[in-house]
Amino acid sequence: TFKMNAAGGMSRVVLRVAQVARVGRVRLLSGSSFVVDQRLRLRFARGGTSSGEHGTFAVTNPATGDTLAEVPDMGVADTVAAVDAANAAFPQWAATPAKQRSQLLTKWHDAVVAEKTYLAELMTAEQGKPLAEAAGEVMYGASFLSWFAEEAKRIDGELIAAGPSTQRTVVMRQPVGVCALVTPWNFPLAMITRKAGAALAAGCTVVIKPAEDTPLSAEALLALADDVGIPEGVLGLVTCSRESVVDVGTKLATHPSVRKVSFTGSTAVGKQLEKLAAGTLKRTSMELGGNAPFIVFADADVDAAVKGAMASKFRNSGQTCVCTNRFFVHASLHDEFVEKMAIAVNNLVVGNGATAGVTQGPLINAAAVDKVETLIDGALKAGAVVVAGGQRSSAGSNFFEPTLLTNVTDEMDIASSEIFGPVAVVMSFTEDAEVVTRANNTTAGLAAYFYTNDVRRVWRVSEALQFGMVGVNTGIISSEVAPFGGIKESGFGREGSKHGINEYLSTKYLAMDIGT
């Protein structure tokens with residue numbers, strides 16, 4: 001069973017697998033409410049049990065600490081059941097005509113868009129980001145369903161005529177099989193659609209393991225997939241607590257029926273999954289941590305650079321893998337940039353993401369706040385200077401003030417660690433070659449940004465930066481049409497774009513003798 005607190009805490013509703021859910025209400029702290037009904041029922045393992053091996057675990061609102069729901073804490077047996085269901089569904093789904101898969105993905109897209117408000121409120125309640133950002137993520141997530149609905153119809157092959165006159169070689173591409181999709185809490189909807197959209201378009205079936213902090217968005221998203229007719233077993237879901245995640249992740253990465261693992265999360269966990277998946281030589285895609293530089297060259301438009309810096313650094317309270325971690329500003333512009341950025345940082349509004357006007361929500365949990373505070377304390381002891389913020393916010397235990405630091409050096413932990421919080425650190429430079437070397441001096445290679453008005457510099461610096469994605473005169477780089485992904489220890493594989501579907505396809509060729 002799945003139990004969710006009803007409005008006002010007056011009663012509880014119980015939703016059972018494959019049954020019509022009773023109507024229940026969940027009160028949002030802003031005073032609005034959303035309905036859990038048959039259309040958006042929350043259900044768990046398809047064809048399996050609705051209770052977890054280890055009972056349940058709580059999903060809480062990071063802004064208030066209130067418990068939103070108690071969800072099944074699934075274990076190894078539940079995970080095996082979900083993989084078996086996906087494996088059983090795979091042959092029929094792989095044989096489904098591409099046009100039909102495309103139509104179902106389009107219907108799923110339309111259902112997500114129609115429920116944008118509901119999904120945004122749910123996301124803000126469990127993840128904390130402001131409602132406007134949550135609504136933006138819903139539409140961003142939906143865009144991958146629309147994109148891959150079209151890409152499903154473009155899977156093609158080739159005929160190779162070279163060789164003996166009686167031989168023809170036909171190349172075809174086929175779905176890899178059951179895929180395990182392990183997704184993060186910072187984008188609890190879009191990271192699912194970015195992976196699952198491509199996988200389903202290719203003809204794969206999937207088992208999704210959402211982050212333990214944000215399983216409700218995954219539940220609502222998959223319930224919509226049910227409603228539009230995506231067949232049983234094609235989309236599976238395993239929810240588990242932090243205590244169970246190692247066992248569940250290990251089983252997904254080692255189960256022989258799983259042929260691909262796609263993971264978005266920390267580099268450390270990605271390396272562990274990669275080692276586990278190597279035992280059965282599974283295909284993998286890894287979108288891991290970053291340490292993004294943001295370079296402001298001497299000829300840059302400072303106002304535009306500050307605008308881009310704010311978008312890159314403080315979206316989702318700094319909790320994105322492509323957030324800027326290190327600002328390098330030319331010495332001639334350093335003071336002007338810091339002064340203008342300080343004004344922008346001080347204008348940010350911290351609070352519950354469900355409250356109108358809030359631009360900075362909470363960090364995901366207490367550990368995230370502790371990490372940010374420790375990095376800042378270390379930097380201050382080493383000589384950094386606080387220009388804005390610098391301490392915990394009075395808004396609540398999981399809130400931290402948007403912070404701007406100067407006098408930071410490359411040697412400080414805050415310049416080499418992925419901060420994952422609302423902290424901007426500014427350093428200066430004088431020479432192009434110097435700053436490119438400093439920017440590249442990291443094991444990460446996900447995203448980088450720079451501002452300049454010199455087109456020659458655009459090409460030189462873009463090619464010299466050792467990162468998978470580079471934003472030139474922009475702080476926002478993500479799009480369904482672009483191949484998202486990194487290099488070095490930020491992982492490999494690409495998501496989105498025409499390249500994204502290839503991650504879920506295998507190549508086979510037929511050698512045919514046509515006779516004389």
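Here the side chains of Lys260 and Ser285 are in contact, with some heavy-atom distance below 4.5 Å. When side chains are defined from C-beta on, Asp66 does not count as touching Leu68, because their heavy atoms never get closer than 4.5 Å. Residues Gln127 and Ser217 fail the side-chain proximity criterion, which asks for heavy atoms closer than 4.5 Å. For the pair Glu418/Thr442, no side-chain contact is recorded, criterion being any heavy-atom separation below 4.5 Å from C-beta on. Leu221 is listed as a side-chain neighbour of Val112, based on a closest heavy-atom distance under 4.5 Å. By the 4.5 Å heavy-atom criterion applied to side chains, Val113 and Met139 are counted as neighbours. Residues Cys240 and Asp73 are in side-chain contact: their nearest non-hydrogen atoms beyond the backbone lie under 4.5 Å apart. Counting only heavy atoms from C-beta outward, the side chains of Met310 and Met341 approach each other to under 4.5 Å.
More than 12 heavy atoms of other residues, nucleotides or ligands sit less than 6.0 Å from atom NZ of Lys488.
Nearest heavy-atom pair, Tyr449 versus Gly475, reported as atom, atom and distance to 0.1 Å: CE2-O, 3.6 Å. Taking each heavy atom of Ile414 and Ala379 in turn, the nearest pair found is CG2-CB, 3.9 Å. Summarising the geometry of Leu237 relative to Pro210, their closest heavy-atom pair is CD1-CD, 3.5 Å, with the distance given to 0.1 Å. Between Ile376 and Gly390, the shortest heavy-atom distance links the atoms CG2-O, 4.2 Å. Listed here is the closest heavy atom pair of Leu200 and Trp93: O-NE1, 3.2 Å. Residues Ser146 and His109 come closest through the heavy atom pair CB-CD2, 3.6 Å.
Remark: side-chain polar atoms of Lys129 are not paired, donor with acceptor, to backbone N or O of Met123 under 3.5 angstrom. The backbone N or O of Pro72 lies less than 3.5 Å from a partner atom in the side chain of Thr239, making a donor-acceptor pair. For the pair Ser312 (side chain) and Thr324 (backbone), a donor-acceptor distance under 3.5 Å is present. In this structure, Arg494 contributes its side chain and Gly486 its backbone to a donor-acceptor pair below 3.5 Å. Under the 3.5 Å distance criterion, the side-chain polar atoms of Asn325 are matched with a main-chain donor or acceptor of Ile419. Judged purely by atom type and a 3.5 angstrom limit, Thr254 has no side-chain atom pairing as donor or acceptor with the backbone of Leu276. No donor-acceptor distance shorter than 3.5 angstrom exists from the side chain of Ser317 to the backbone of Gly421, with no hydrogens or angles considered. Listed for the Thr60 side chain is no donor-acceptor partner under 3.5 Å among the backbone atoms of Gly65. Under the 3.5 Å distance criterion, the side-chain polar atoms of Arg283 are matched with a main-chain donor or acceptor of Glu503.
With sequence neighbours excluded, the residues that form a side-chain hydrogen bond (donor to acceptor under 3.5 Å, both in side chains) with Arg326 are Asn291. Every residue two or more places apart in sequence or in another chain was checked for a salt bridge (Lys or Arg N to Asp or Glu O under 4.0 Å) with Lys313, and none qualifies. Partners of Ala198 by side chain to side chain contact (heavy atoms under 4.5 Å, CB included), not counting sequence neighbours, listed by chain and number: Phe148, Tyr504. Under the rule for a salt bridge (Lys or Arg N to Asp or Glu O under 4.0 Å), Asp84 has no partner lying at least two apart in sequence or in another chain. Residues meeting the side chain to side chain contact (heavy atoms under 4.5 Å, CB included) test with Phe492, sequence neighbours left out: Glu274, Thr284, Met286. Applying the salt bridge (Lys or Arg N to Asp or Glu O under 4.0 Å) rule to Glu495 yields the partners Arg194, Lys195; only residues at least two apart in sequence or on another chain are considered. Residues forming a side chain to side chain contact (heavy atoms under 4.5 Å, CB included) with Ser143 (at least two apart in sequence, or on another chain): Tyr140, Glu480. Scanning for side chain to side chain contact (heavy atoms under 4.5 Å, CB included) contacts around Ala278 gives an empty result, with sequence neighbours left out.
Legend: salt bridge (Lys or Arg N to Asp or Glu O under 4.0 Å) pairs involving residues 200-210, not counting sequence neighbours, sorted by first then second residue: Lys209-Glu212. Listed by first then second residue, pairs satisfying ring pair (Phe, Tyr, Trp, His ring centres under 6.0 Å) with a partner in residues 210-268 number zero, not counting sequence neighbours. The side-chain hydrogen bond (donor to acceptor under 3.5 Å, both in side chains) analysis of residues 367-378, with sequence neighbours excluded, yields the pairs Asp370-Arg392, Glu373-Arg392.
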Evaluate Leu252 against Val261 for side chain to side chain contact (heavy atoms under 4.5 Å, CB included), listing each step before the verdict. CA-CA 8 Å; Leu252 287 173; Val261 176; 5.8 Å; no

Can you list the steps and then say if Thr267 with Glu489 is a side chain to side chain donor-acceptor pair (under 3.5 Å)? CA-CA 7 Å; Thr267 299; Glu489 292 192 19; 5.6 Å; no

Applying side chain to side chain contact (heavy atoms under 4.5 Å, CB included), run through Val206 and Leu235 and close with a yes or a no. CA-CA 5 Å; Val206 304; Leu235 282 165; 3.4 Å; yes

Please evaluate residues Leu363 and Val372 with respect to the criterion side chain to side chain contact (heavy atoms under 4.5 Å, CB included), reporting the C-alpha separation (whole Å), side-chain torsions for both, the decisive distance (0.1 Å), and the verdict. CA-CA 10 Å; Leu363 300 189; Val372 168; 3.9 Å; yes

Side chain to side chain contact (heavy atoms under 4.5 Å, CB included) between Val71 and Glu219, worked out: CA-CA 10 Å; Val71 302; Glu219 286 293 344; over 6 Å; no

In a table with atom names and distances, give each donor-acceptor pair under 3.5 Å that connects a side chain of residues 177-192 to protein atoms at least two apart or in another chain.
residue	atom	partner	partner atom	Å
Asn186	ND2	Gln319	O	3.1

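In this structure, Glu53 CD and Asp247 CG are separated by 9.0 Å, a value rounded to the nearest 0.5 Å. One distance of note links SG of Cys321 with CZ of Phe484; it measures 4.0 Å at 0.5 Å rounding. Here the straight-line distance linking atom OG of Ser244 with atom CZ of Phe57 works out to 8.5 Å at 0.5 Å rounding. Note that the CG atom of Leu105 and the CD atom of Glu151 stand 11.5 Å from one another [nearest 0.5 Å]. Between the NZ atom in Lys275 and the OG1 atom in Thr250 there is a gap of 12.5 Å [rounded to 0.5 Å]. Taken to the nearest 0.5 Å, the CG atom of Leu224 stands 6.0 Å off from the CG atom of Leu119.
A salt bridge between Arg242 and Asp213 is present, with a side-chain N of the basic residue lying under 4.0 Å from a carboxylate O of the acidic one.
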